[in-house]
Amino acid sequence: MSDTRAQATHFAQAIMQATVERWQGTLKQAAEVLSEDTALAAQMASGGNVDTQVASLIQAMGANLSDTETNLLKTVVQSGNTQMLGEIASALAEVASGQSGPEKAEITSAIELSAEEQDALRQKLSAEYGSNLVFSFHVDNSLMGGLRVRVGDRLTDNSVASRLTALRESMASVAR
């Protein structure tokens, strides 16, 4: 990487970090104000004019927010999720650092798997993909046997049906 590109990347990272810190500060401050000001929290929970509620929150924060920050607070207030402000701040840090939340792991088998088999698969997949997996098990007898495992956007298909399809395609290409 050239020096110019390295410097540009350094500045871009500094901008991202400053932006994330600003947003986190705003979200945490709003959460703190709502946890301390029970009357304001009750006003948020009661519904009413969202613009008035957000203006009251911003005034209580004593903050000078950008239009974008104000719009986010308005969206959160409108959705009735002000109790999530602290969680949103934490999630923002994870997203900005490239970390992600739980990943879905779908296991499809031709027959119902026993609890022991499910536990063994959980352990094996957690060792391979990490511990942030959320498992779901399904039965599809059209597989005829074997497993189809999808973790995020990765698919491993070791079913009898897929093997037969591959064999049929292989034989068809030889016959041509």
Side-chain angles (χ1 to χ4, degrees), residues 1 5-6 8-36 41 44-45 68-69 72-73 75-175:
M1 185 182 321
R5 182 67 179 166
T9 300
H10 176 73
F11 285 120
Q13 289 172 335
I15 291 167
M16 277 298 290
Q17 184 63 35
T19 303
V20 167
E21 287 173 5
R22 164 105 187 189
W23 278 95
Q24 282 185 305
T26 299
L27 293 165
K28 288 178 181 178
Q29 184 182 9
E32 187 176 301
V33 164
L34 289 173
S35 71
E36 292 173 359
M44 296 290 170
T68 308
E69 290 168 309
L72 174 68
L73 288 178
T75 301
V76 173
V77 168
Q78 212 167 21
S79 69
N81 291 317
T82 55
Q83 76 283 357
M84 291 179 55
L85 287 166
E87 291 177 51
I88 295 169
S90 297
L92 177 62
E94 291 173 6
V95 169
S97 69
Q99 298 174 3
S100 61
E103 195 168 18
K104 189 173 183 181
E106 293 181 54
I107 297 95
T108 306
S109 58
I111 59 170
E112 188 75 32
L113 298 176
S114 69
E116 294 82 21
E117 292 169 324
Q118 288 182 7
D119 286 341
L121 278 167
R122 281 186 184 99
Q123 288 176 5
K124 183 175 190 309
L125 293 172
S126 292
E128 187 174 341
Y129 294 102
S131 61
N132 65 336
L133 296 176
V134 176
F135 295 91
S136 64
F137 292 88
H138 309 281
V139 175
D140 179 357
N141 55 10
S142 72
L143 296 180
M144 295 187 264
L147 295 174
R148 182 179 296 144
V149 179
R150 180 181 300 276
V151 178
D153 61 353
R154 297 166 297 251
L155 174 67
T156 305
D157 191 344
N158 288 325
S159 66
V160 172
S162 69
R163 290 180 184 181
L164 288 172
T165 300
L167 180 61
R168 180 178 49 235
E169 290 172 3
S170 174
M171 291 177 72
S173 69
V174 170

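If you're wondering where the values come from, they're calculated on a predicted model, not measured in any experiment. Every heavy atom of this structure was used, including side-chain atoms; hydrogens, water molecules and symmetry mates were not.
Sequence neighbours left out, not one pair with a member in residues 8-20 passes salt bridge (charged side-chain N to carboxylate O under 4.0 Å, His left out).
For the atom pair OG (Ser126) and CD (Gln123), the distance works out to 8.0 Å, reported to the nearest 0.5 Å. Of the inter-residue distances, the one linking Leu167 atom CG with Ser162 atom OG reads 11.0 Å to the nearest 0.5 angstrom. Distance check: Asn158 CG to Leu143 CG gives 11.0 Å after rounding to the nearest 0.5 Å. How far CG of Leu27 is from CZ of Arg22: 11.0 Å, rounded to the nearest 0.5 Å. Annotation: the span from Gln118 atom CD to Phe137 atom CZ amounts to 4.5 Å, rounded to 0.5 Å. In this structure, CG on Asp153 lies 13.5 Å from NZ on Lys104, to the nearest 0.5 angstrom.
Closest approach of Ala30 and Leu85 over heavy atoms only: CB-CD1, 3.7 Å. Closest approach of Val77 to Thr82, counting heavy atoms only: CG2-CG2, 3.7 Å. Taking every heavy atom of both residues into account, Leu133 and Leu125 meet most closely at CD1-O, 3.6 Å. The minimum heavy-atom distance between Ala110 and Val139, with the atom names listed, is O-CG1, 3.6 Å.
Other residues, nucleotides and ligands contribute over 12 non-hydrogen atoms within 6.0 Å of the CE atom of Met144. Counting non-hydrogen atoms of other residues, nucleotides and ligands closer than 6.0 Å to CG of Leu164 gives a total above 12.
Within the 4.5 Å cutoff, side-chain heavy atoms of Leu72 are placed close to those of Trp23.
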Note to self: If you apply the rule side-chain hydrogen bond (donor to acceptor under 3.5 Å, both in side chains), what do you find for Glu21 with Gln17, and how did you get there?
What the structure shows: CA-CA 6 Å; Glu21 287 173 5; Gln17 184 63 35; 2.8 Å; yes
Item to complete: Give the intermediate values and the outcome of side-chain contact (heavy atoms from CB on, under 4.5 Å) for residues Arg148 and His138.
Response: CA-CA 10 Å; Arg148 182 179 296 144; His138 309 281; over 6 Å; no
Can you list the steps and then say if Arg154 with Tyr129 is a side-chain contact (heavy atoms from CB on, under 4.5 Å)? CA-CA 11 Å; Arg154 297 166 297 251; Tyr129 294 102; 3.2 Å; yes
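When atom types are taken as modelled, the side chain of Thr165 and the backbone of Ala161 share a donor-acceptor pair closer than 3.5 angstrom. A donor-acceptor pair under 3.5 Å is absent between the side-chain atoms of Ser170 and the main chain of Ala166, judged by distance alone. In this structure a side-chain-to-backbone donor-acceptor pair under 3.5 Å is present from Glu117 to Ser114. Under a 3.5 Å cut-off, the side chain of Ser35 and the backbone N or O of Glu32 do form a donor-acceptor pair. With Glu106 contributing its side chain and Ser136 its backbone, the two residues share no donor-acceptor pair below 3.5 Å.
Only one option out of Asp157, Thr156, Thr108, Leu113 pairs with Leu147 in a side chain to side chain contact (heavy atoms under 4.5 Å, CB included); it is Leu113.
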